[in-house]
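A quick write-up on the structure given underneath.
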Amino acid sequence: MPEDTNIEKKPRIGVFICHCGSNIGGFVDVKAVTEYASTLPDVVYATDNLYTCAEDGLNNIKESIKEHNLDRVVVSSCTPRTHAPLFQRTCEAAGVNKYMFTFVNIREHCSWVHMKEKEKATQKAKDLVRMGVARARFLEPQEETKIDVTPAALVVGGGVAGMTAALSLANMGFPVHLVEKEKELGGFVKNLHGLMMTKKSANEAIQPLIDKVNAQKNITQYVNSHVATVEGFIGNYDVSIGTEGSESKEVKVGAIIVATGAIPLVPEGLFGYKEHPNVVTSMEFEELCNKKEIPKLKSVAFIQCAGARGQKVSYCSRICCNVAIKTAINIAENRDNMLGATEEKAEAEAGQVVEEPAAEMKAEDEGLERRRRRRGRGRREADEAADEGGAPSSGVEITVFNRDVMAYGVEHELEFNKAREKRVKFIRYLPDNLPKVSTKDGKLEVGYFHETLKMERTMPVDMVILSTPLVSQPDAATLSQLLKVPLGQDGFFQEAHVKLRPVDFATDGVYVCGTCRGPADIAEAASQASAAASRAAIPLANGYVQAEALTSRVDETKCTGCGTCVEVCPYGALRKNDDGISEVIVAACKGCGCCGATCPEGAITMTHYTDQQLLAEAKAALEEV
Amino acid sequence: MSSATPNAGGEHKLEQEDFEPRILVFCCNWCSYAGADLAGVSRLQMPPHFRVIRVMCSARVDPEFVLRAFQKGADGVLVAGCHPADCHYIGGNYRTRRRIALLRILLQQFGFDPGRLKLEWISAGEGERFQKTIVEFTDVVNELGPSPVRGGD
Ligand SMILES: Cc1cc2nc3c(=O)[nH]c(=O)nc-3n(C[C@H](O)[C@H](O)[C@H](O)COP(=O)(O)OP(=O)(O)OC[C@H]3O[C@@H](n4cnc5c(N)ncnc54)[C@H](O)[C@@H]3O)c2cc1C
Ligand code: SF4
Ligand code: SF4
């Protein structure tokens, strides 16, 4: 237990208790709490403020520090998660180290959750202030360390995301090492045929980006390569890059961007896949388009969510509905080019498969076209029934079996409506009643339950296209372990915070973008990549990072070198020195305290969250008063 | 701590008229503390017997802290951290889980009901879960009565 004798110089604590208007004052007797605070050991000054965070509240803190020669400050108000930095700056401005400050939360954790029991809430507020003061008595000033940063970056993955990120950093003037495991850059888009909402072929879209990367002198490319080892921490990574058929190369970088993409699920055992050659995935269909090997098509069925949303994986893959819409429009518009492509190869090769927009579209002005397409929306239900048997304008029957169509956002919705204008049928199925793919006399057919008509039906088709979800790269775990960044439950790389820090990892210095983070289309992957590059540029451009002084400290005289801490540290922030004794890499330590709680010798102290401070707080909470 | 006041706390079930349980809650900074904040912002009412201590990660909760707390007369200790796989510090909370399981066994040997120690995963978005956890755990501790250190059993 902490003893008073451990305190070298007698502390001089100031306590500032906030009314927060009536947010606290209305439910807690703040005057009584203030009076009580002034009786606590080492408190030389206690006062209450209407709003401590307002100008006069902050001035009050500064003046009181001077007037009463305070060496530590306790503010008892709202939550440290929003207000600690403000009060810490105020302390520093008055010459008190920011680590000599303690926050006591009597609003979120007291007045707001005990609104009908003023007496008990007041008692609790007193207890909380007593705990804070007990902690404050054991605080120590801390120095924050500045760590130099190597102004260069590593980008893993040479798809749209990786290339975009590498280019932005290179354009800012930072050397970039771009590692791609395949023999060339381009990523998954290379496999695609046409792209959504553009009339460009996938190749036409991606080639300019590849050209720019090739022309950018700051980018060093490593193809047929992989990241072999990574040592270090933000600002100072030593990376070894292994390349097929040549010696591995060592580089130093300050930041790392992960952009390793994803692959589509292979729907093994689902919907007759592999049993019939004309049951293909949407990716395989793109390849067939590229090779101009589409068989004669009179009727095509898409099956959405094949393997997704509760089948093989739990999530919605976000892009497949839009990919199906794109492909359906392509088939509808280019029927003549596609039909019998194998038999009438010459004819097919003569015409471009994607390029031709439908004739009637060219005629109309765009605004009119948009309005017209939007109006199409409400007709869906009626169409599902009416479309049955109706002759599609394109001459190909196209049916999209779906659970619901995720054509999010205006642009995708317009595409959806355009598909429906082209008489693409969208038929809904429920997850407990999946469409069944079978063959009858060697001919493919899809059996399904029509939800609107409430009856079982069968549809003969020439081809079934399975829209399978993107899944994580099979080797993602290897990279995740090398970089000590987490994978989420679906195997994709997991960002620090889904809303507030979407392209950061919780570990500083490592960033993420593109489909390795979860399904995304090209535009989304590219914007994430720009975001990740600018996040990575912050430490690179500053040239240093400031490490919060919340780290572990090893007492060399107590450490027996058992290595337990080295094993438990999630950040590799501990290593054994030449004497076999544990040492902390301050820049890498995040201060979680895992090692401190695990060391069997009590050799590890957590700065600012010492055993002494926490035990004092706990003891104060349980005191009889 | 104060003695019981007759009317206050009337909404909560009290086993013994004047038993005011002392409950210590260790919250990790990133998830559970934020969850508790959200409960406050949402004005979710709960019994006033718990006191929160903020730590960076639930894995910082040294078994010694828990044992000391019981020794000093805590009637219940709750450790709250991020959901598994959600831990701000990669996998700290997995260690917490193992540690708490062991501590339960230890507590029993010291003559404490292991139900006095609870581990709960509460995310930053789960204000209601924080409230529910506090309400339920307070009930459990009320049910168990004062800790043996305070003359209960
Ligand atoms: C069938 C289908 C159709 C699609 N159609 C469209 C469309 O029309 N429009 C659209 O916007 N989007 C479309 N998409 C989505 C599009 O493919 C993705 O948005 C895009 O590929 C994401 O780019 P990326 O750079 O994140 O990943 P990727 O393109 O997958 O690139 C990742 C790169 O990293 C490399 N890599 C992987 N692991 C490692 C490693 N360990 N070390 C080094 N390198 C590694 C890979 O080889 C690859 O080159 C489609 C997707 C599918 C499946
Ligand atoms: S756990 Fe403690 S004794 Fe063991 S190596 Fe780490 S610091 Fe040293
Ligand atoms: S406090 Fe956490 S990050 Fe720092 S050395 Fe210990 S276990 Fe590693």
Side-chain angles (χ1 to χ4, degrees), chain A residues 1 78-82 103 105 107-124 126-128 131 135 484-489 494 496-497 506-507 550 568 570-571 590-598 602 606 609 611 614-615 617-625, chain B residues 1-2 5 7-11 20 22 24-30 33-34 36-57 59-66 68-69 72-74 77 84-92 95-96 99 124 131 134:
Chain A
M1 278 275 102
C78 46
T79 171
R81 296 181 62 257
T82 55
F103 215 118
N105 183 336
R107 192 181 72 179
E108 280 82 347
H109 295 188
C110 189
S111 69
W112 276 352
V113 292
H114 313 306
M115 297 172 98
K116 295 186 199 120
E117 313 169 75
K118 190 161 186 175
E119 203 171 324
K120 290 202 179 189
T122 303
Q123 184 53 49
K124 177 168 173 177
K126 287 181 184 174
D127 290 352
L128 293 173
M131 290 161 68
R135 170 179 166 75
K484 301 199 180 65
V485 294
L487 297 178
Q489 58 183 16
Q494 193 177 37
H497 190 289
T507 310
L550 299 180
V568 300
Y571 297 96
K590 304 293 286 179
C592 64
C594 206
C595 58
T598 315
M606 299 307 306
Y609 284 89
D611 286 11
L614 291 172
L615 283 169
E617 208 177 330
K619 187 177 156 214
L622 301 166
E623 244 164 49
E624 298 281 353
V625 283
Chain B
M1 226 171 250
S2 69
T5 33
N7 292 325
E11 288 171 23
E20 291 273 309
R22 301 160 167 194
L24 218 52
V25 182
F26 290 97
C27 280
C28 80
N29 181 56
W30 307 96
Y33 195 93
D37 278 357
L38 182 60
V41 172
S42 322
R43 309 295 197 277
L44 302 176
Q45 301 303 296
M46 45 194 121
H49 309 293
F50 70 96
R51 310 284 181 262
V52 171
I53 295 181
R54 183 165 69 118
V55 286
M56 280 298 137
C57 176
R60 172 68 183 107
V61 180
D62 195 316
E64 189 193 344
F65 300 171
V66 175
R68 292 275 194 176
K72 290 285 169 193
V77 174
D86 241 15
C87 177
H88 185 78
Y89 298 106
I90 305 179
R95 297 189 201 288
T96 313
R99 211 178 275 152
Q131 176 202 36
I134 293 294

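Quick note on labels: first sequence line is chain A, next is B, and so on, each numbered from 1.
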With a 4.5 Å cut-off on heavy-atom pairs, point out which of [options] contacts chain A the most.
options	result
B:L38, B:V52, B:V55, B:I53	B:I53
B:D62, B:D37, B:V61	B:D37
B:S42, B:A36, B:C28	B:A36

[atom1]/[X] to [atom2]/[Y] distance, rounded to the nearest 0.5 angstrom?
X	Y	atom1	atom2	result
A:Y609	B:M56	OH	CE	3.5 Å
B:H49	B:L24	NE2	CG	14.5 Å
A:C110	A:K120	SG	NZ	12.5 Å

(message) Between B:Y33 and A:H109, is the ring centroid distance below 6.0 Å?
(response) yes
(message) Quick check on the interface: out of A:E617, A:K126, A:R107, who has the most heavy-atom pairs with chain B under 4.5 Å?
(response) A:E617
(request) Determine whether the side chains of A:H114 and A:K124 contain a donor N or O and an acceptor N or O closer than 3.5 Å. (result) yes
(request) Would you mind checking which part of A:M115 comes under 4.5 Å of any heavy atom in chain B, side chain (CB onward), backbone (N, CA, C, O), both or neither? (result) both
(request) Name the region of A:A618, side chain, backbone, both or neither, that has any atom closer than 4.5 Å to a heavy atom of chain B. (result) both
